[in-house]
Chemist: 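This is the structure, below, for whatever I ask next.
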Amino acid sequence: MTNDRDYERGIRELRRQFDDGVDARAVDDVHRRLRVALAEKRASRTPLLVGLGFAGVAAVVLAVVWMRPGQVAHVAPPVETVALVGWDVANAVGTTEVVAAGSRLSVSKGGQLNLAVGTTARIAAMGPAELSVDVHGRVTVTDGVAVVSVAKQSPGHQFAMSAGDATIIVHGTAFVIDAQASVLHGVSVSEGRVEVREASGKSVFLTPGELWGVAPPIIAMDPFTAPAWRAAAGERITVAPAALEEEPAPVRRPDDKPRPALRVDSFALAETAVRRGQCAAAAGHVARFVESAKDDNDAARALMLEADCWMHGKERARALPALDRVANDFPKSTRASSALFEASKLRSDLRMTKDASTGFATYLARYPSGPLAESASFRHCELLGELGTANSACLETHLEQFASGRRVGDALLMLGSSACEHDKWADAERAYWRYIETIPASRDDVHNLRLLLGCLERGHVGSYAKAQSTFTSRHPVAGD
Amino acid sequence: MPTARPIPSTPGPQEASTTNEARQSNDVQDAELARLARSGNGAAFDTLYRRHASAVGRRLRFLVGAQQDVEDVLQMTFLEMHRALPRYDDTRPFAPWLHGIAVRVASTFLRTKRRRWWQSAKADVEVVAMDATAAADERAENVQAARRVWQEVEKLPVEKRVAFTLFELEQCTVGEIAELTGVSAQTAWARVNSAREVIAKRMAKVRGGP
């Protein structure tokens with residue numbers, strides 16, 4: 001009964017103490033730290049992304065609305081959200097307009113034209129490009145490259161658009177088209193199934209990874225994440241089947257045009273799958289890519305992409321084979337050392353302590369001056385301690401090799417704690433004084449020294465009183 | 001001692017207090033903000049933070065305990081959210097997605113902290129506070145009991161600890177725990193039950209009980 005009561009009282013008290021959550025000042029403090037961290041992250045982005053940022057500034061935002069006779073199109077104005085967050089000029093310039101049927105649209109070089117056909121399809125045309133919207137609301141890309149994403153259609157419905165001289169019919173997919181001078185040059189499909197129908201009635205069906213004609217350029221970003229899409233949200237326009245009943249214009253394919261060919265860009269497909277969190281699909285594409293990768297670095301890059309996908313999902317252990325492959329099968333690649341480190345770290349997280357410890361030791365043997373050597377050394381010692389193995393020799397070696405490293409304080413604390421665990425009071429005492437001599441006073445210092453002091457007190461060491469007074473003079477407020 | 005019980009199906013207190021309409025409206029605004037933040041709009045990210053940081057912080061307090069740890073995990077959660085935004089499906093409510101991230105980040109943090117056994121004594125001092133008035137009245141005993149429970153909570157495997165704290169301390173339903181931790185309701189309930197039994201048994205042992 002007493003224990004039941006204790007349990008209930010304990011739970012009630014914990015609820016009471018924790019119910020306040022975090023105080024407002026701490027929330028603000030974290031917010032400030034987050035801003036700094038995100039600013040640093042932005043600053044470290046590649047020049048490619050900076051370039052794309054400029055392209056975004058030049059973007060013009062338009063929304064295409066297709067209306068059935070007698071039906072009123074409703075375009076939801078983005079008032080609430082805009083009022084809430086402000087209009088970020090640096091990231092989303094331009095206006096949102098409803099384009100009348102029969103319009104012709106052009107995008108200049110470096111620009112991006114975003115067309116929302118209701119909630120059915122999104123078309124991002126990369127400048128320079130020419131597009132038109134016919135009286136039925138059908139979009140034609142006459143010139144340039146466009147990325148298209150179409151929502152899955154209900155049975156009996158199809159979405160069709162034209163590209164150059166061909167008609168493209170889709171059932172819920174994502175693809176890139178390239179048209180030049182009113183002639184379709186190429187289509188590549190990343191998702192779903194696409195039918196390219198020539199005027200002769202001949203159809204070619206494309207599945208993910210397949211390409212028709214010449215390869216359209218690979219778009220290095222997801223154009224649909226652009227702020228401009230904000231404006232298209234909330235529209236409720238459907239594409240009428242009537243628009244699909246027209247006969248497509250006859251295809252005029254010059255003799256010198258390349259014939260439809262198939263090619264799989266597995267890396268791009270893997271990237272798409274990773275973006276969608278479909279790690280198993282990404283793994284399949286990566287495996288195909290690795291088979292024909294031009295060098296070790298390329299193969300390692302793909303395997304790390306797969307590993308990253310698993311590591312950020314719920315099945316983190318599935319990242320291990322990819323990481324191990326990079327570390328062991330492609331040891332000369334630039335990513336081999338980080339793969340070995342990450343695999344060891346992951347094993348440690350998954351409580352595969354012994355394997356993790358071996359992994360860090362292997363890292364140190366292979367890359368003694370590697371960028372992660374200090375961390376690997378520290379973690380190796382830490383895991384030895386966790387396994388119950390004496391780790392003082394490991395820590396002494398660490399302190400010698402990384403004497404000016406950032407983990408010296410932690411290593412000394414671990415040295416003291418380990419000694420304390422095994423009732424080696426004299427060793428704990430030495431660790432305390434080494435800590436005092438080596439580490440300058442800091443906020444963490446208070447916790448670390450208190451921990452060691454507690455140990456010295458338990459061991460009744462001779463210098464406890466002196467250690468206590470040193471702590472008090474070093475941290476007058478905390479020592480009270 | 002708490003004993004095994006069938007899976008409870010009653011909704012949590014928070015569910016009852018929020019109307020569907022208000023929640024749907026918030027979901028729409030969150031989805032818009034997430035879309036903007038995904039494309040690099042700092043103001044949208046800030047607004048998402050302001051809207052959700054307190055609720056996430058409260059949940060983290062139950063999960064990890066010490067205030068200083070809560071701040072660290074809160075920061076890690078929003079950094080991870082920023083990283084994961086491209087994968088967010090904006091047709092689904094934002095808050096459960098974010099809280100799922102918070103639970104995952106907190107679990108990883110707790111695993112890391114366990115690995116840092118040599119720093120463990122730090123947290124014991126801070127998690128359950130004994131305030132000035134507590135020593136003088138009955139609350140001192142409550143605080144002692146809370147410390148004993150918390151000591152046992154910290155010894156649990158992370159999965160059980162998370163399920164237990166969400167159920168017993170934050171008083172989530174089993175369904176909510178299952179959603180947040182990505183397991184079935186049966187698994188969530190098994191974890192809660194197992195943790196409750198282990199803690200009660202250990203507390204009994206410490207006090208020399210049966």
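Residue numbers start from 1 in every chain, and the chains themselves are labelled A, B, ... in the order their sequence lines are given, proteins ahead of strands. Here the structure is a predicted model, which means the values were calculated and not measured.
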Chemist: What is the distance from atom CZ of Arg87(B) to atom CD of Gln278(A), rounded to the nearest 0.5 Å?
Modeler: 11.0 Å

Chemist: For Arg104(B) and His312(A), indicate whether the former's side chain and the latter's backbone hold a donor-acceptor pair under 3.5 Å.
Modeler: no

Chemist: Taking everything shown except Glu179(B) itself, do over 12 heavy atoms lie less than 6.0 Å from its CD?
Modeler: no

Chemist: So which part of Asp410(A) gets closer than 4.5 Å to some heavy atom of chain B, the side chain, the backbone, both or neither?
Modeler: both

Chemist: Given side chains that start at C-beta, do those of Asp19(A) and Arg58(B) come closer than 4.5 Å, heavy atoms only?
Modeler: yes

Chemist: What part of Thr353(A) lies closer than 4.5 angstrom to a heavy atom of chain B: side chain, backbone, both or neither?
Modeler: neither

Chemist: Heavy atoms only: give me the nearest Asp6(A)-Val149(B) pair and the separation to one decimal.
Modeler: O-CG2, 4.5 Å

Chemist: Supply the atom-to-atom distance Glu141(B) CD to Arg5(A) CZ, rounded to the nearest 0.5 angstrom.
Modeler: 7.0 Å

Chemist: Tell me yes or no: between the side chains of Glu152(B) and Tyr7(A), is some donor less than 3.5 Å from an acceptor?
Modeler: no

Chemist: Go through it in stages, so that I can follow the logic: the residues are Glu170(B) and Arg15(A), the test is side chain to side chain contact (heavy atoms under 4.5 Å, CB included), and I'd like the CA-CA distance, side-chain angles, deciding distance and then a yes or no.
Modeler: CA-CA 7 Å; Glu170(B) 204 188 334; Arg15(A) 275 183 205 152; over 6 Å; no

Chemist: Can you tell me how far the CG atom of Leu38(A) sits from the CZ atom of Phe45(B), to the nearest 0.5 Å?
Modeler: 5.0 Å

Chemist: Do Arg35(A) and Asp46(B) meet the salt-bridge criterion of a basic N to acidic O distance under 4.0 Å?
Modeler: yes

Chemist: Should Arg33(A) and Asp72(B) count as an ion pair when the cut-off is N to O under 4.0 Å?
Modeler: yes

Chemist: Report yes if some heavy atom in the side chain of Arg12(A) is under 4.5 Å from a heavy atom in the side chain of Asn142(B); otherwise report no.
Modeler: no

Chemist: Would His31(A) and Arg50(B) satisfy side chain to side chain donor-acceptor pair (under 3.5 Å), going step by step from the backbone distance to the final call?
Modeler: CA-CA 9 Å; His31(A) 196 185; Arg50(B) 279 196 295 273; 4.8 Å; no

Chemist: Please state whether the side chain, the backbone, both or neither of Arg379(A) comes within less than 4.5 Å of a heavy atom of chain B.
Modeler: side chain

Chemist: Any heavy-atom pair between the side chains of Ile11(A) and Phe164(B) that's under 4.5 Å?
Modeler: yes

Chemist: For Phe78(B), what residues pass the ring-ring contact (aromatic ring centres under 6.0 Å, His included) criterion, not counting sequence neighbours?
Modeler: Tyr49(B)

Chemist: Counting C-beta onward and ignoring hydrogens, is there a side-chain heavy-atom pair between Val143(B) and Gln17(A) closer than 4.5 Å?
Modeler: yes

Chemist: Return the option, out of Cys420(A), Ala24(A), Ser418(A), with the maximum number of heavy-atom pairs under 4.5 Å with chain B.
Modeler: Ser418(A)

Chemist: Is Arg147(B) paired with Glu13(A) through a side-chain N to carboxylate O contact shorter than 4.0 Å?
Modeler: no

Chemist: Going by side-chain hydrogen bond (donor to acceptor under 3.5 Å, both in side chains), name the residues that satisfy it together with Thr181(B), two or more places apart in sequence or in a different chain.
Modeler: none

Chemist: Between CZ of Arg16(A) and CG of Leu169(B), what distance do you get to the nearest 0.5 Å?
Modeler: 13.5 Å

Chemist: Would you mind reporting whether Val22(A) and Val56(B) have side-chain heavy atoms less than 4.5 Å apart?
Modeler: no

Chemist: Sort Leu383(A) into side chain, backbone, both or neither according to what part of it lies under 4.5 angstrom from a heavy atom of chain B.
Modeler: side chain

Chemist: Given 3.5 Å as the limit, does a donor-acceptor pair link the side chain of Gln67(B) with the main chain of Gly21(A), or not?
Modeler: yes

Chemist: Any chance you could measure Ser54(B), atom OG, to Asp23(A), atom CG, to the nearest 0.5 Å?
Modeler: 10.0 Å

